[in-house]
Amino acid sequence: MPEVTLKSTAIEQASADNTIAAGHNGGPPLDDRHRPEWGDGGIGNYFYWKAAHRRAWHNPSPGIVAFRIQKAERLGLTYEEYTLEILERGRHLQIEDVERIAEIKQARAARKRG
């Protein structure tokens, strides 16, 4: 019998310390409108794009990553900028691509300002 009394006392103390009403599970409020991960529009090709993004950014071998980092540093770009150029245009930037490199750097400056 003393054990039952101790358990109920522990529950009462925990309830007194907590401001959540009885029967509440502590989850998010139900009044807020749920917004799915893909936004307010239709689902469309969301999962296809998500899988393609994951493959493009998260699976390169360490050797490829090291090569891209070295190449990006030589051109004055970040790894992300250099890799995005490969993914978008399908070609590796060269030192001779002065105009395109300048465009990327201008876009970076504009993002930092805004």
Side-chain angles (χ1 to χ4, degrees):
M1 279 291 190
E3 291 178 19
V4 174
T5 307
L6 290 175
K7 286 183 181 178
S8 64
T9 306
I11 292 171
E12 290 172 11
Q13 288 174 349
S15 299
D17 294 341
N18 201 348
T19 58
I20 297 175
H24 196 287
N25 67 359
L30 297 176
D31 300 353
D32 292 346
R33 185 172 167 263
H34 172 71
R35 186 165 190 255
E37 187 176 347
W38 53 85
D40 293 329
I43 195 166
N45 292 327
Y46 171 78
F47 291 103
Y48 296 118
W49 280 104
K50 187 173 181 176
H53 181 272
R54 189 178 302 118
R55 279 193 312 272
W57 285 101
H58 299 292
N59 285 337
S61 70
I64 290 175
V65 171
F67 172 78
R68 289 179 183 172
I69 289 172
Q70 289 174 349
K71 191 82 176 207
E73 287 175 352
R74 249 185 273 143
L75 298 173
L77 302 174
T78 65
Y79 170 79
E80 288 81 11
E81 291 168 338
Y82 185 76
T83 302
L84 191 59
E85 187 67 19
I86 294 169
L87 294 173
E88 286 182 346
R89 312 239 186 257
R91 61 183 295 269
H92 294 264
L93 288 173
Q94 304 297 321
I95 263 307
E96 298 83 27
D97 297 322
V98 177
E99 293 174 9
R100 181 62 190 145
I101 293 169
E103 289 174 12
I104 293 170
K105 289 180 180 180
Q106 286 176 346
R108 179 195 320 155
R111 281 192 311 269
K112 286 183 180 179
R113 279 185 266 142

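Counting from 1, the numbers follow the sequence of the chain as shown. This structure is a prediction, so every number in the text was calculated from the model and none was measured.
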Who pairs with Arg111 by salt bridge (Lys or Arg N to Asp or Glu O under 4.0 Å), at least two apart in sequence or on another chain? Glu81
In terms of heavy-atom contacts, Pro60 and Val65 come closest through CG-CG2, 3.8 Å
Are side-chain heavy atoms of Glu85 and Asp97 found at a separation under 4.5 Å? no
Spell out, yes or no, whether Ile95 and Leu77 are grouped together once hydrophobic residues are joined by side-chain heavy atoms under 4.5 Å, including indirect joins. yes
Can you tell me if Trp57 has over 12 outside heavy atoms packed within less than 6.0 Å of its CH2? yes
CG of Leu87 to CD of Glu80: how many Å apart, nearest 0.5 Å? 11.5 Å
Checking side chain to side chain contact (heavy atoms under 4.5 Å, CB included) between Leu93 and each of Lys71, Arg74, Arg100, which is the one that passes? Arg100
By salt bridge (Lys or Arg N to Asp or Glu O under 4.0 Å), Glu37 pairs with (sequence neighbours left out) Lys50
For the atom pair CD1 (Ile64) and CD1 (Ile69), what is the distance rounded to the nearest 0.5 Å? 12.0 Å
Pairing residues for Lys105 by the side-chain hydrogen bond (donor to acceptor under 3.5 Å, both in side chains) criterion, not counting sequence neighbours: none
More than 12 heavy atoms of other residues, nucleotides or ligands under 6.0 Å from CD of Glu88: is that the case? yes
Assess the residue pair Glu73 and Tyr79 against the criterion (side-chain contact (heavy atoms from CB on, under 4.5 Å)); give the C-alpha distance rounded to whole Å, side-chain angles, the decisive distance to 0.1 Å, and a yes or no. CA-CA 8 Å; Glu73 287 175 352; Tyr79 170 79; over 6 Å; no
Any heavy-atom pair between the side chains of Ile101 and Tyr82 that's under 4.5 Å? no
Please examine the side chains of Ile86 and Arg68, heavy atoms only from C-beta on, and report whether any two atoms are closer than 4.5 Å. yes
